[in-house]
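Have a look at the structure below before the remarks.
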Amino acid sequence: MSDRAFDVVVVGSCMTDLVSQAPRLPKAGETIHGHKFFIGFGGKGANQCIQAARLGVKTAMICKVGKDFFGDNYIQNFKDNDVHTDFVWQTSDAATGAASITVNDAVPWEGENAIVIVAGANMRLGEEELQKALTAIRKAKVLVCQLEISSQTSLRALQMAHDNKVRTIFNPAPAIPDLDFGFYRVSDVFCCNESEAELLTGYSVNNVEDAHQAAQELLRRGCTAVIITLGPQGCVVLKAQDKTSTHVPSTAVKAVDTTGAGDSFIGALAFYLAHHPDMPLEEMARRANQVAAVSVQAVGTQTSFPFKRDLPADLF
Ligand SMILES: Nc1ncnc2c1ncn2[C@@H]1O[C@H](COP(=O)(O)OP(=O)(O)OP(=O)(O)O)[C@@H](O)[C@H]1O
Ligand SMILES: *[C@@H]1O[C@H](CO)[C@@H](O)[C@H](O)[C@H]1NC(C)=O
């Protein structure tokens, strides 16, 4: 095991996207011909980790994949992105997480789709693995978690980080309606999108004004700061020490594929929290907006995430 200290440690999911493009979605029992097939790397945890790594911080991923081709392939993908892989475990008890996606359009991600997700090995990540990675968690500057793994494991990882004064980012995605309030208490930055904010608070969140309200409600539950992302509108930031939240607008760009924009934003936020710990959260959010805005101008998930070399120097 490595004793190196990491800037950003992500405890989360890896998924292989298997994407078929077809003129329409097949009916039950039907076989149709598609015109294109491709494999993509996904999973919110891995996406966020890879975005942080591409901006130039030392990252480690704590996750579980299958002892199979997709697992081997994913480990190589982490290595290619300079993500440390000592804490990427392989199990023979379940397959690497996979999403089988059928898209009914010639342009990927723009038509209707049908998706089956099998979390597989992601659900086998537990306390035992967290204990083995305890040194890396303790020494990290920032720890990031989502909900695509067992929520118990997520909460445990956040608690371990919190107990060791490691700053935490929690992204409650995909959202669950009765989220354990423990999650709020161990989140330094609780970062979600509009639909997650809506599900968690019960408020309807359709605009900036709604987001200000929802942020207040989430903050009351015990986190240190809340960010609600608003797609092309940027985000709203609310810190415990302030009474009012701030709208941090995004610059207008021509979006071609917004898949993974939220993960690009969170990966960038983790980067800033680790690299510029004393920067105001609003400024980190402004810069993360800019990183995510670059990601929506290219096709794919990780394939659209910018590297440091693609971005203006004043973002660093
Ligand atoms: N059309 C856009 N133009 C500019 N920036 C965008 C656009 N869409 C998203 N972003 C940027 O990405 C961030 C995250 O977007 P969003 O709130 O849609 O997250 P999300 O719903 O989790 O994303 P997704 O589910 O598509 O990955 C926004 O806060 C913003 O900075
Ligand atoms: C928010 O993120 C979830 C994934 O967790 C996604 O399914 C949903 O479409 C997103 N909502 C918005 C408004 O972008």
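By convention here, the first residue in the shown sequence is residue 1. When a ligand or atom number is given, it counts from 1 through the structure's own listing order.
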Under 4.0 Å from any heavy atom of [X], which atoms of ligand 2 are there?
X	value
A173	5 (O)
P174	5 (O)
S195	1 (C), 8 (C), 10 (C), 11 (N), 12 (C), 13 (C)
K44	4 (C), 5 (O)

Quick one: look up the protein heavy atom nearest atom 12 (O) of ligand 1 and list residue, atom name and how far away it is. A292 CB, 3.3 Å
Quick test: of every protein heavy atom, which one is nearest to atom 20 (P) of ligand 1, and how far off is it to 0.1 Å? N193 ND2, 3.6 Å
Give a yes or no on whether atom 5 (O) of ligand 2 lies under 4.0 Å from any heavy atom of the protein.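 Yes; the ligand atom in question has protein heavy-atom contact below 4.0 Å.
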K308 charged N/C atom sitting above F316 aromatic ring, 6.0 Å / 45°: yes
Numbering the atoms of ligand 1 from 1, which are under 4.0 Å from a heavy atom of [X]?
X	result
A261	9 (C), 12 (O), 14 (C), 15 (O), 27 (O)
V253	3 (N), 4 (C)
G260	27 (O)
S250	4 (C), 5 (N)

Could you check which of N193, D263, L199, N206 puts a non-hydrogen atom nearest to atom 1 (C) of ligand 2?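 Looking at heavy atoms only, the winner is N193.
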Heavy-atom proximity to atom 6 (C) of ligand 1, picking from S295, A255, G231, points to G231
Check this for me - ligand 1, [X], N or O atoms closer than 3.5 angstrom, yes or no?
X	result
T259	no
C235	no
G262	yes
T258	yes
G234	yes

CG-CG distance between D188 and L273, expressed to the nearest 0.5 angstrom: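 Between D188 CG and L273 CG, I get 7.5 Å after rounding to 0.5 Å.
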For ligand 2, is there an N or O atom under 3.5 Å from any N or O atom of E196? yes
Residue part near ligand 1, for D263, under 4.0 Å between non-hydrogen atoms: neither
